[in-house]
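Predicted model, so just to flag it, every value in this text is computed and none were measured.
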Amino acid sequence: MGLHPLEFSECYLDSPSFREKIKAHEAELDRTNRFIKELYKDGKNLINATKQLGMAQRKFAQCLGEFQFEYIGDAKTDDEKCIDESLQEFSSFLKNLEDQRELMMRNITETLMKPLEKFRKDHLGTAERKKYEKETEKYYSSLEKLLNMSAKKKEPQLQEADVQVETMRLHFQEESLDYVCKLQEIQERKKFECVEPMLAFFQTVFTFYHQGFELAKDFDHYKRALQINIQNTRSRFEGARSEVFELMKRIRETPQEYRQTSPISCEGYLYVQEKRPPPFGSSWVKRYSTFVKEQKILHMVTFDHRSGGKIGETESVTLKSCLRKTTDVLDRRFCLELDITDRPGTVLTVQALSEDDHKFWMQAMGGKEPVSQLPNRAMQIKFHYCYYLLGIDDQGLYRVVGVSSKVQKLLLLMIGKLKYILFFSSGNVFCVEKGGSPESRIQAVHCLVHKLPERNRQVLGLLMKHLANVAAHSKQNLMTVANLGVVFGPTLMRPQEDTVAAIMDLKFQNIVVEILIEHNEKVTVKTEICQTCSAVSTVPSQSNTLETEHSENWKLGDGSSQATDETSMGSNESVSSQSSSASASEMPEKSDHVPLSNSLSSDIGPSSSLASVPAWPISAVSGYVTSRKAKAVYPCEAEHDSELSFQVGAIFNAVTQSREPGWLEGELEGKRGLIPENYVEML
């Protein structure tokens, strides 16, 4: 049951029930007053808590913005740059969000807190009630005083008293009417005076969340790109970690092979004998020594791990000769006697850490065990190019691991005694990737490719065209350009030395190979830029030389004893056995017109049988067929500008064999272009 309405007529009666109704209305207003007070207090606490949250978020954003990752190496990949900049992006996002939150708090204060407090003070106070109670007390006191007046009083006095009481009664009734009207007005007003600020509050909150949604929507594109960057970096990390573990394992097994970290200098600890005047004798001081071979300068710096790792002064001497110090002369093992040029007559005695270390320094300093130098022989190699497309749709092509023994036999069969096939000096290629725009990177790779010897460049061009063909079938074989870069990057650009720094640069190897594959036509075609590139380096470096120990001609599938070896290897069924010919009633599929040189004779994966690989020399395939006419037996819609569109029954003139397998060249309606060979029949 709600509150009873207050009738104005009851103000004249002022009955007990009327007074009870007034008390009920007053109690309801008191409850509303307490509610608004509590709400105001909680709102203040909410604003203060939100301010604390905003301050904490801003501090968190500032911490994100001030931090920056340090990377191993002297350059970052594009993925690493994006990851490094992501913290600043996160910081900016949080700051924008907090700006919107601060605006929301100001709006809440203006739209919720102040209106509620004003309504409570103006309408829910006790001033009107106290005034009504005061008038009630005054009227009824006067009435009682009049009624208690003696009837023996003079008539004028009695009339005067009656007039006063009547005046007070009228005033009381007016106050009662005003108070009743005020009570009912407040009861009705509170419905919208309380709810309207709450609606404005929620509108402000919704606006804040909408702004957050818009910020998140704008951030979504960057978020997706960053997820790709993170995935790429994670994949490279997994590859680099496995390489680091392999390198660590190899160094652990044969540490002396990896002792020399630089081709121009040797480094390591030596104990140097320091002679003192008698009777103090001599002492041995541990020094980290670096010997520069070309200048024969030995730099020595004092360093003792037990003294907190403090580095002392560096001393440099020029070496004239190095002799083994025998134990007959000095009762210490692993000693060397160094004759110093800048100190005539002075002999410096040093002690190595072990026998292997002793041999290492003897070789480095030109002692009795000189450095053994292997002769560098640059030989030519002749190729017979093979057109090979079998198995190109196999999933995991070039990535699925084969049986080790069979792969080794396959390599021996293909390359015989081939010693090195090096395309690039890794350092130059890494400089290409570490800066500049994509176009400048392509141009730089183009220049490096055309600095290669001709045969190296030919082999590289053939390989890249073939890998581009493999990538074109990525929907079937799942070998995208990125996957091929991971597989062939370490192979094509093997570092000059096995170090952790070289492994950290694997990511650049993969990216450069991706550029070679994706832009092989731009990179391998000789242009005017090549003249400038070739003028820079007329003599190829040792790492850019295609070397072999013989110049035999070799090719696959020659029908000789190789076929016997191939059939004995047989790891899986031939891919060619999986293909089926289309029936005459079905429209044939067009071949992807890729130049013949897109394939290398070494494209054979471990999952395909070598016996089924055909070998066609380029000269045998690229010759033109005598000009003839042909008739279309299937309709065809051109997919490239170089192709012809035609309907069934179209007659082609001057038809010749194209250099691209599976395609012919012919004229139709005055236009010459490519025609799918299996879409026509010769006339």
Exercise for review: Check whether any side-chain heavy atom of V301 sits under 4.5 Å from a side-chain heavy atom of E313, and report yes or no.
Suggested key: no

Review point. Would you say E137 has more than 12 foreign heavy atoms packed within less than 6.0 Å of its CD?
Key: no

Exercise for review: State whether E10 and K21 are salt-bridged, where the test is any N-O pair (Lys NZ or Arg NE/NH1/NH2 against Asp/Glu carboxylate O) under 4.0 Å.
Suggested key: yes

Point to revise | Salt bridge present between R58 and E102 (N-O < 4.0 angstrom) | key: yes

Study note, to complete from the structure: OG1 of T32 to NZ of K190, rounded to nearest 0.5 Å, is 3.5 Å

Review point. Are the ring centres of F93 and F90 closer than 6.0 Å?
Key: no

Check your understanding: Is there a donor-acceptor pair under 3.5 Å between the side chain of S91 and the backbone N or O of A61?
Key -> yes

Check your understanding: Do R287 and T314 meet the criterion of a side-chain donor-acceptor pair at a distance under 3.5 Å?
Key -> no

Exercise for review: Using a strict cut-off of less than 4.0 Å between a Lys/Arg side-chain nitrogen and an Asp/Glu carboxylate oxygen, indicate whether R120 and E117 qualify as a salt bridge.
Suggested key: yes

Point to revise | Side-chain heavy-atom pair N107, T207 within 4.5 angstrom cut-off | key: no

Practice item. May I ask you to say whether E135 pairs ionically with K138, meaning some side-chain N is under 4.0 Å from a carboxylate O? Key: no

Check your understanding: Roughly how far, to the nearest 0.5 Å, is the CG atom of N520 from the CD1 atom of I517?
Key -> 8.5 Å

Point to revise | Polar side-chain atom of Q88 near backbone of G65 as donor-acceptor pair, under 3.5 Å | key: yes

Exercise for review: Please determine if D178 and K131 form a salt bridge, counting it only when a charged side-chain N lies under 4.0 Å from a carboxylate O.
Suggested key: no

Review point. Salt bridge between R31 and E28, side-chain N to carboxylate O under 4.0 Å?
Key: yes

Review point. Any Lys/Arg nitrogen of D79 or R234 sitting under 4.0 Å from an Asp/Glu carboxylate oxygen of the other?
Key: no

Check your understanding: Given the rule in the ring pair (Phe, Tyr, Trp, His ring centres under 6.0 Å) test, do F206 and Y209 qualify, once you have shown the distances and angles that lead to the verdict?
Key -> CA-CA 5 Å; F206 294 153; Y209 284 117; 7.8 Å; no

Point to revise | Side-chain (S86) to main-chain (I83) donor-acceptor, under 3.5 angstrom | key: yes

Review point. Is atom CZ of F202 surrounded by more than 12 heavy atoms (other residues, nucleotides or ligands) closer than 6.0 Å?
Key: no

Practice item. To the nearest 0.5 Å, tell me how far E193 CD sits from K118 NZ. Key: 8.0 Å

**Study point:** Check ion pair D220-K223 (N to O, under 4.0 angstrom)
**Key:** yes

Practice item. For M149, look at atom CE and say whether over 12 heavy atoms of other residues, nucleotides or ligands are found less than 6.0 Å away. Key: yes

Review point. Using a distance-only test with no angle check, is there a side-chain donor-acceptor pair under 3.5 angstrom linking E26 and Y179?
Key: yes

Review point. When rounded to the nearest 0.5 angstrom, what is the spacing between CD1 in I108 and CE in M105?
Key: 3.5 Å

Point to revise | Full working for side chain to side chain contact (heavy atoms under 4.5 Å, CB included) between F119 and I36 | key: CA-CA 9 Å; F119 171 73; I36 294 179; 3.7 Å; yes

Check your understanding: Tell me, do H446 and V449 make a side-chain contact under 4.5 Å, heavy atoms counted?
Key -> no

Exercise for review: Answer yes or no: does atom OH of Y12 have more than 12 heavy-atom neighbours from other residues, nucleotides or ligands under 6.0 Å?
Suggested key: no

**Study point:** Check: M113 and Y40 side chains under 4.5 Å, non-hydrogen atoms
**Key:** yes

Review point. With ring centroids as reference points, do Y288 and Y269 lie under 6.0 angstrom apart?
Key: yes

Exercise for review: May I ask you to decide whether K114 forms a salt bridge with E110, counting only side-chain N to carboxylate O separations under 4.0 Å?
Suggested key: yes

Check your understanding: Are E20 and P16 close enough that some pair of their side-chain heavy atoms sits under 4.5 Å apart?
Key -> no

Point to revise | Rounded distance (nearest 0.5 Å) linking atom CZ of F219 with atom CG of N96 | key: 11.0 Å

Review point. Got H473 and M479 here, is their nearest side-chain heavy-atom distance under 4.5 Å?
Key: no

Exercise for review: May I have the step-by-step check of side-chain hydrogen bond (donor to acceptor under 3.5 Å, both in side chains) for E66 and Q62, ending in yes or no?
Suggested key: CA-CA 6 Å; E66 292 176 351; Q62 181 181 1; 3.0 Å; yes

Check your understanding: If you draw a 6.0 Å radius around CD in Q227, do more than 12 non-hydrogen atoms from other residues or ligands fall strictly inside?
Key -> yes

Review point. Is there a donor in the side chain of E188 and an acceptor in the side chain of Q184, or the other way round, less than 3.5 Å apart?
Key: no

**Study point:** Pair Y140, D14: side-chain N/O donor-acceptor within cut-off below 3.5 Å
**Key:** yes

Point to revise | Side-chain touch L53/R101, heavy atoms, less than 4.5 angstrom | key: yes

Practice item. Answer yes or no: is there an ion pair linking K249 with E246, defined by an N-O contact shorter than 4.0 Å? Key: no

Review point. Could you walk me through whether Y132 and I22 pass the side chain to side chain contact (heavy atoms under 4.5 Å, CB included) check?
Key: CA-CA 11 Å; Y132 175 69; I22 289 179; 3.8 Å; yes

Practice item. State the CD-OG1 distance between Q203 and T111, to the nearest 0.5 angstrom. Key: 10.0 Å

